[in-house]
Amino acid sequence: MIGLEVHVQMVSLKSKLFCACPTDYRGKPPNTNICPICTGLPGALPVLNIKAVEEGLKIALALHAEPSTASYFFRKSYFYPDLPKNFQITQYDKAGGVPLAHDGHYTLKNGKTIRIERIHMEEDPGRIYYEGGRGESRFSLVDYNRSGIALVEIVTSPDFTEPEEAREFLELLQKNLDEIGINVSEYEGSVRCDANISYAGGERVEVKNISGATEVEKALRYESVRQRNMATRGVKVRRETRSWDERRRITISSRSKEVEAEYRYMPEEDLPPVSLNQTIIKNIALNMRGSFEDRYRVCSKYGVGEEAAKRLAGDPALYTLFMSITGANEMDASRVGNVLANEFAFVVKKHNNPSLSGDTSSLENIIRAYIRNGDRSRFISAAHSWVSGIPVRAEEYKPKVDIDTLIDETLEKEMKNIGNLEGKRRLDYLMGQILKVSSQLNRKELYIKLQKKLEGLG
Amino acid sequence: MSSGIISKGARQLVDELQGGSLEASKVFETYRKRINELTKLNAFITSLEYKPNARKEGSLYGLPLAIKDNISTEGIRTTCASLMLKDYMPPYDATAVAKLKAAGVSILGKTNMDEFGMGSSGENSAFGPTRNPWDIERVPGGSSSGSAVAVSARLSPAALGTDTGGSIRAPASFTGTVGFKPSYGYVSRYGLIAYANSLEQIGVIARTVDDAALIFGVIRGKDRFDSTSTDAKPVSSNTGRLFSGGHFKGALLPQLSDLVSKDVREAFDSSVAKLDSEGIEFAEERVEELELALKSYYVVACCEATTNLARYDGVRYGPVADPSRDWKSAISESRTMFGKEVKARIMLGSYMLSSGYYEEYYLKALYIRRNLKLRLLKLSESYDFIYTPTMPVLPWKIGEMIDDPLQVYLSDALTVIANLTGAPAISIPIALKKGLPVGGQLQGRYGLDDRLLELAATISGLLKFRGEPSI
């Protein structure tokens with residue numbers, strides 16, 4: 001059995017989780033990307049970066065997890081030199097706390113479902129440098145540039161059976177995170193992982209701090225062989241924490257973990273709870289830059305019919321309109337979606353690559369009026385003027401003229417005037433007369449139809 | 001002339017400074033001279049030389065103030081009266097300090113206190129006990145001991161203090177000054193070095209309610225660096241409005257009177273009689289939820305303290321650990337630098353947060369706290385204020401209670417209530433007993449700080465207490 005705890009560094013954010021320091025700490029000289037808050041100076045207080053919560057919720061929704069109704073933080077106490085306050089601000093699912101989201105799932109290519117237990121947010125600690133390597137160095141140096149970067153931790157159930165499944169999960173996850181705008185692939189080490197593994201009834205061994213999908217597979221493969229060998233030799237696998245040595249490709253025992261570590265969790269009173277109501281969550285869902293499947297799922301979730309949902313999901317411009325209209329007011333989301341995918345899409349096709357960047361609230365009015373009164377021709381004309389950017393009120397837009405009727409009427413009226421005109425001159429005269437009545441006609445279509453009509457008259 | 005300056009309150013000084021009849025440097029130097037003359041009171045840990053404030057248009061331009069030494073001041077050492085921070089130089093100003101500076105204030109110095117705010121007497125300081133100017137053998141109350149002594153002995157017109165369980169009101173009561181703890185969140189805590197962050201507030205110690213309101217008006221308000229801070233309407237600058245009879249109603253809590261010594265009870269009862277005769281109505285209330293208030297206060301305070309003080313591990317503050325030792329024994333060694341009381345509270349808090357005890361202590365304390373808050377909020381619908389003595393006893397002799405910490409904890413019983421509920425509370429001097437000041441405490445409704453200040457000004461006016469230590 002294998003379970004993963006994945007830490008995603010939120011490098012897509014501009015600033016750290018609780019202060020304004022930038023997140024692009026990579027490559028900066030040590031301790032230059034810091035402030036009183038992320039170095040835990042006496043008297044400094046954390047202030048929640050609300051964007052981090054939004055990005056965390058995006059991840060939660062991508063993993064089909066259920067967001068909590070509020071987000072709040074706990075202090076997790078342990079002494080370590082890279083932890084400036086000697087407590088980490090994190091989220092906790094016991095003692096009255098809740099994670100950001102819980103009970104999600106993710107499907108692998110072989111159809112197997114991996115359950116997601118919980119998703120929570122926390123601050124990244126600093127980094128320790130051992131001059132000349134650990135064990136060699138007479139002292140350790142701490143760099144707080146990374147301290148306070150937002151992390152999202154994803155905890156899976158122990159649903160993996162093979163190391164390659166863990167790798168596949170991480171690869172799919174990274175791809176998915178990139179798709180929703182959390183660019184993890186660009187930054188080395190921005191997805192880190194702890195893996196819990198136990199074989200053949202042995203106790204659980206935790207392998208800490210593995211960087212990336214390929215290393216996870218290697219570490220787990222090594223560990224499965226090691227644990228199976230122990231079982232064959234009749235040696236019992238004890239509960240312990242090990243670390244993965246990428247260079248030597250082995251896991252090394254770091255400490256035995258016979259008892260649950262004592263973290264003395266308590267609420268972080270400096271950060272008032274943030275309420276995560278349905279509107280906030282839905283807006284995030286609708287604004288996610290997802291794949292076709294994500295967009296299709298969102299459309300179906302709001303009751304848009306299958307064909308219409310496919311059309312919306314396949315057209316980013318239409319989908320964006322759907323999101324902004326229903327995001328502001330979720331009433332009739334399915335009908336709005338159907339109108340956009342059918343009648344409105346039909347209108348859009350008549351125009352030459354329209355930008356569709358007009359005022360969405362007036363389009364919303366046009367669509368809602370149509371849903372209310374069912375007046376299709378009025379809707380079509382109003383939609384035409386919205387798409388072409390002409391600010392015409394719906395009732396002012398005249399119904400489209402029928403070319404054939406217009407030709408017949410004009411001929412009847414002009415018969416006596418065209419008697420002494422011939423061929424092309426006669427055609428041009430009639431064209432001019434008809435266009436005087438209705439200038440918006442398609443000239444080519446009119447010309448051809450008129451020509452045919454005159455030929456028929458002889 | 002100089003004795004003239006030190007006898008003036010903050011508002012009078014500001015008026016005369018703005019009117020041009022006084023000069024900022026002259027005011028500062030007068031106080032500085034007196035601070036240097038009265039070092040025996042041990043009110044200041046750091047006293048400063050005059051640094052002119054360029055904000056001549058500031059509403060408090062030229063006013064010198066003392067700041068408690070747990071409030072961060074950029075480039076001025078901020079020790080929390082602890083060896084752990086004895087050389088700590090903050091690189092930033094607390095929001096309250098920044099606001100005062102922007103209003104034209106010059107800082108006289110940083111005042112002595114109980115280490116990290118843990119204490120009710122002013123004795124738990126790595127820099128030695130602060131002394132009470134009414135009797136220098138006695139404690140001035142704590143933890144804002146130096147700030148109260150500075151105001152009482154006229155070493156400063158007013159001072160900033162902090163109040164976690166009574167740390168502004170207790171020393172105000174023991175030194176015959178006014179001590180105001182605002183509603184939780186009304187003054188930004190950014191830069192206040194945390195002891196128990198859900199309980200503490202920055203507030204003011206001054207000679208009159210009006211002076212306290214003046215300074216509160218400058219430091220109050222929402223701060224983007226403190227998520228628990230809130231916006232509020234500006235304070236009415238005139239709190240000395242005359243009481244015109246019959247409107248105010250106060251609640252008395254006789255169930256707490258067992259704790260109160262005979263001297264204090266006499267002084268308190270006669271103040272009630274006087275106020276009653278002036279038309280203020282009183283009624284007795286029994287509040288069941290108060291029975292466990294003090295206990296829940298100490299549980300919450302110790303639990304928060306253990307995490308807030310975890311960062312002092314010798315890596316960045318305090319003595320440099322011996323690098324040849326392993327990490328755990330090196331930081332254990334560093335942390336022996338804390339004083340006895342601080343160590344006791346850290347250990348209590350660590351114990352009570354451990355698995356198995358968390359529910360038994362911490363969660364229960366939160367539950368008691370919530371019930372108390374709801375009950376007193378309900379009570380405040382029928383009353384304008386709750387009136388009690390501030391401290392149940394007169395100032396004791398330095399060292400007298402050193403072996404009886406529980407007795408000292410008991411002296412907080414009347415003040416911790418407002419920290420648990422977050423309501424505003426103020427201590428005003430009401431009488432002298434055996435030559436020592438007695439304070440009366442008014443607790444208001446959460447967020448109605450201005451009303452409480454007006455009420456306190458009215459009641460001060462009715463009680464007509466006048467007195468200064470002869471030092």
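By convention in this document, chain letters (A, B, ...) are assigned in the order of the sequence lines, proteins followed by strands, and residues within each chain are numbered from 1. On a predicted model such as this, the values are computed, not experimentally measured, just so you know. All values below were derived from every heavy atom in this structure, side-chain atoms included, with hydrogens, water molecules and symmetry-related copies excluded.
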Search all heavy atoms of [X] against all heavy atoms of [Y] and return the closest pair with its distance.
| X | Y | value |
| --- | --- | --- |
| B:Y317 | A:L41 | OH-CD2, 3.4 Å |
| B:L353 | A:Y265 | CD2-O, 4.2 Å |
| A:R75 | B:E304 | NH1-O, 4.2 Å |
| A:D270 | B:T228 | O-CG2, 3.8 Å |

Looking at chain A, which one of [options] has the largest number of heavy-atom pairs inside 4.5 Å, strictly under?
| options | value |
| --- | --- |
| B:T306, B:D226, B:L366 | B:D226 |
| B:S227, B:P91, B:S198 | B:S227 |
| B:C80, B:G349, B:S72, B:G191 | B:G191 |

Is a side-chain N or O of [X] found less than 3.5 angstrom from the main chain of [Y], in a donor-acceptor match?
| X | Y | value |
| --- | --- | --- |
| B:R311 | A:G40 | yes |
| B:Y92 | A:A44 | yes |
| A:R264 | B:Y358 | no |

Quick check for you: to the nearest 0.5 Å, what is the distance between [X] atom [atom1] and [Y] atom [atom2]?
| X | Y | atom1 | atom2 | answer |
| --- | --- | --- | --- | --- |
| B:D313 | A:F79 | CG | CZ | 7.0 Å |
| A:K85 | B:Y312 | NZ | OH | 12.0 Å |
| B:S354 | A:Y263 | OG | OH | 14.0 Å |
| A:N86 | B:T307 | CG | OG1 | 11.0 Å |

Taking A:C19, A:P46, A:S77, A:P81 one by one, which has the highest count of heavy-atom pairs under 4.5 Å against chain B?
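Heavy-atom pairs under 4.5 Å are most numerous for A:P81.
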Among A:L271, A:V142, A:T39, who wins on heavy-atom pairs under 4.5 Å with chain B?
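Option with the top pair count is A:T39.
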Donor + acceptor pair across side chains of A:E262, B:S355 (<3.5 Å)
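A:E262 vs B:S355: donor-acceptor pair found between side chains.
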At a 4.5 Å cut-off on heavy atoms, which part of [X] comes close to chain A: side chain, backbone, both, or neither?
| X | result |
| --- | --- |
| B:S350 | both |
| B:R224 | backbone |
| B:N308 | both |
| B:Y362 | side chain |
| B:Y88 | side chain |

What part of [X] lies closer than 4.5 angstrom to a heavy atom of chain B: side chain, backbone, both or neither?
| X | result |
| --- | --- |
| A:F87 | side chain |
| A:S140 | neither |
| A:P36 | side chain |

Taking atom [atom1] of [X] as the centre, does the number of heavy atoms from other residues, nucleotides or ligands within less than 6.0 Å exceed 12?
| X | atom1 | value |
| --- | --- | --- |
| A:K14 | NZ | no |
| A:Y78 | OH | yes |
| B:K86 | NZ | no |

